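Computed from a predicted model, the values in this text were never measured in an experiment.
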Amino acid sequence: MKKLILLFALLPILVSCKDRDKIDLSQLRLNESIESLIDFGEPKTIGVETVEYPFCLMIEVNDGTNYTFDGLDLTGQKVFFQIDSELLKTDSLTKQGGGHIDVRSFKDKNELAEILKNYQAANTIYGMRIEMKTEDFKKQILAKLESRYGKGTKNPNTDNGLYWNVAKEQKYIFFAPDYDRLIVLNSTDLSKTCYWDIMNGTIDFGGCDQEAYTKELLKNTSPEKEVTEKPVVKIDKDWNLNQLVVGKTTEQEFVSAATNKNFERTVVIDGSTASTTEVSYDNKDKNFFLYFSAGQGNGENPKNNLLSGYSLQDFKQVDISFDNGLRPGISFKEAIKLFNKNDIINFNDLKFSNYIEVKRGNGKATLNFDEDYLFSGIYIK
């Protein structure tokens, strides 16, 4: 009986020790070293995820079991850490259209250091993102935020989003329940008047100069080259390009086609398995890209690699026409009218989006629009 009593007496101490091992993300100053926040033994990836945010390096922890937020257990929720990267302050990724994910796992400090070096990235974080999977968890997070910071400011770009500009803590906080995200950033080195990401839209903290803000985000973008000869591009009603059929045309057939001019072949490698995941043909001068799935033989045999998509992100660089009523420079509102509501994947988000996602067989066509909401690019995948 005495042993049993002793066990129960020790139980609160053991639980307390376990809780103390978890990192409370609400207490971070968001300038901590990466190594102090991650467990190298847990599943995680690092790399570029343009849907989350295109202009920084991102570490994704698949299960936040080692973290809390102001006492809320984050087990089962994804946790992301944002890292400043000079290399990613460019539009080279966003011009390829759609969502790009280029991530790899890393197992120790040496691998992490090498990746950070390649991306010209800091070894500290400047922000974090927490997944909010359930409505109940969103309510709990919001209650914690309002208890600390009061009522948030309504985000005019989303149905239920709120934000806080907490000057005394040098933090921007974005509660984005429509996209299952809580985003907290160290505002020290960020714009004091503007903020943008895909999940929040553009936030004006007062006096936002959108043009200057965008210029700073893209400060490493290469200047546009003078347009010379334009490739001729015709897209049919099934979204095929110059009679190159998505899902059927092989890499070998493309190589011998008239469209293949001034393209450079690139192979995408999975860093963890060293296997080829995709073959692409890039004409960077024209912002023109074609993607091929890596077939049998690890992508070595062009007869086995099928066209899986393409991207054209500056119609000024090409002579392009469409068979479905689209045309370069058509307005956002006019383009929407060309498609059945049920065929527009992101129909409910069109009021704050600058792109239209249209169903295309088993895939989709993403139509991109410029700052004036004029049709300027397309991404098929």
Among the clusters formed by ILVMFWY side chains lying less than 4.5 Å apart, do W196 and F80 turn up in the same one?
yes

Are L350 and L338 joined in one hydrophobic group, where the rule is that I, L, V, M, F, W and Y side chains link up if heavy atoms are under 4.5 Å apart?
yes

Taking 4.0 angstrom as the limit, do [X] and [Y] come out as a salt bridge?
| X | Y | answer |
| --- | --- | --- |
| R360 | D343 | no |
| D197 | R181 | no |
| K351 | D159 | yes |
| E278 | K381 | yes |
| K138 | E135 | yes |
| K89 | D84 | yes |
| K284 | E264 | no |

Can you give me the closest heavy-atom contact between [X] and [Y], atom names plus distance?
| X | Y | answer |
| --- | --- | --- |
| Y172 | S191 | OH-O, 2.6 Å |
| L88 | L57 | CD1-N, 3.7 Å |
| P231 | Q317 | CD-O, 3.4 Å |

For the pair F289 and Y291, name the ring-plane relationship: parallel under 30°, tilted 30 to 60°, perpendicular over 60°.
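The arrangement is parallel - the two ring planes meet at less than 30°.
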
Side chains of [Y] and [X]: any donor to acceptor distance under 3.5 Å?
| X | Y | value |
| --- | --- | --- |
| N283 | N262 | no |
| D136 | Q140 | yes |
| T75 | D73 | yes |
| T214 | Q210 | yes |
| Y67 | Q77 | no |

OH on Y195 to SG on C208, rounded to 0.5 Å:
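It is 13.0 Å, given to the nearest 0.5 Å.
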
Which value, rounded to the nearest 0.5 Å, describes the distance between L312 atom CG and I235 atom CD1?
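Reported to 0.5 Å precision, the distance equals 6.0 Å.
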
For the residue pair Y179 and T158, establish whether any side-chain heavy-atom pair is separated by less than 4.5 Å.
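Counting from C-beta outward, Y179 and T158 do come under 4.5 Å.
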
Between F263 and F254, does the ring centroid distance fall short of 6.0 Å?
yes

Taking the six-membered ring for Trp and the full ring for Phe, Tyr or His, determine whether the centres of Y379 and Y355 are under 6.0 Å apart.
no

